[in-house]
Amino acid sequence: MKLGLLMCGLILIIPIGSVRASDHGCTVLLCMANPAGPMAVMECVPPIKKLFRDLARGKAFPKCDMASAPDAPGGKSWVQHGTSFYDQCPAGTTALDAGTYAVRQGVSASYYLGIGEGDDPYGEDAGALRNKVCVGNRVGETTLAVGNSDGTAALPASVFDQVVVIAPSPQPHHVDVYVNSTFSHRVRW
């Protein structure tokens, strides 16, 4: 009798385990979409750890049949895996072009040198990653006196209503989460 109940219990457990395994991609997608973080909910910790381990081994992001791709019709939610030391510029700002200078309106003592989106974050200095500079609306032009012990140079700079500096992350691997066709947040692993 006990053996029969045990066998019945095992038969019921096996299909449930199979369903969970096939839904791994959807579970991971839901966990990634949590703005509090992919492991903020206890049930998400094991599948997200498995995801990060698999991605580190070169495996593809798991599929979810209920998710949609960027080119699919209707409400679109998806993730996009990538590498970059930098987060995206905040809404209302764009990356300052590489090699150009910027000054924030009303603050004349500081200037910023752009690196673009961060595709070449080292520039001429191979020793350390530089900060990414994001700028708002251009409101004018100025000239900077930039120099060292060898002399100074007058360089043109644009004046912006806002300047946001983004420090590089020590971890370049990331997953961008899109919900309802809009970028939601970036998760680094």
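Here the OG atom belonging to Ser184 is positioned 11.0 Å from the CH2 atom belonging to Trp78, to the nearest 0.5 angstrom. Put simply, CD1 on Ile115 and CZ on Phe85 are 11.0 Å apart, with the number rounded to the nearest 0.5 Å. The line from CD1 of Ile166 to CZ of Arg130 is 14.5 Å long, rounded to the nearest 0.5 Å. With rounding to the nearest 0.5 Å, the separation of CG in Asp176 from CZ in Arg186 is 4.0 Å. Rounded to the nearest 0.5 angstrom, Lys50 NZ and Leu55 CG are separated by 10.0 Å. The NE2 atom of His173 lies 7.0 Å from the NE2 atom of His81; values are rounded to the nearest 0.5 Å.
Screening Val139, Val103, Thr93, Leu96 against Phe160 for a side-chain contact (heavy atoms from CB on, under 4.5 Å) leaves a single residue, Leu96.
Met39 and Leu29 fall within a single hydrophobic cluster, where Ile, Leu, Val, Met, Phe, Trp and Tyr side chains are chained together by heavy-atom contacts under 4.5 Å. Clustering ILVMFWY residues whenever any of their side-chain heavy atoms sit less than 4.5 angstrom apart, transitively, puts Val41 in a cluster other than the one holding Val79.
With hydrogens and angles disregarded, a donor-acceptor distance shorter than 3.5 Å links the side chain of Asp161 to the backbone of Asn137. Between the side chain of Asn180 and the backbone N or O of Thr182, no donor-acceptor pair lies under 3.5 Å.
Between Glu117 and Lys132 the shortest side-chain heavy-atom distance falls below 4.5 Å. Side-chain contact between Pro47 and His24 is present, with at least one heavy-atom pair separated by less than 4.5 Å. In this structure, the side chains of Val28 and Ile48 come closer than 4.5 Å at one or more pairs of heavy atoms. Cys89 is not listed as a side-chain neighbour of Thr94, based on a closest heavy-atom distance of 4.5 Å or more. Residues Leu51 and Phe61 meet the side-chain proximity criterion, which asks for heavy atoms closer than 4.5 Å. Here the side chains of Leu155 and Tyr111 are not in contact, with every heavy-atom distance at 4.5 Å or above. Contact of the Leu30 side chain with the Met32 side chain is not registered, since no non-hydrogen atoms from C-beta on lie closer than 4.5 Å.
Closest of all the heavy-atom pairs between Arg104 and Val159 is C-CG1, 4.4 Å. Heavy atoms only, all atoms of each residue included: Arg188 and Ser169 are closest at CD-OG, 3.1 Å. Contact record, Leu113 with Gly99: CD1-C, 3.6 Å, taken as the closest heavy-atom pair. Contact detail for Ser158 and Glu141: the closest heavy-atom pair is OG-OE2, 3.1 Å. In terms of heavy atoms, Gly116 sits closest to Ala95 at O-CB, 3.4 Å. Heavy atoms only, all atoms of each residue included: Val187 and Val177 are closest at CG2-CG2, 4.4 Å.
The aromatic rings of Trp189 and Phe52 lie parallel to each other, with less than 30° between the two planes, well short of the 60° mark.
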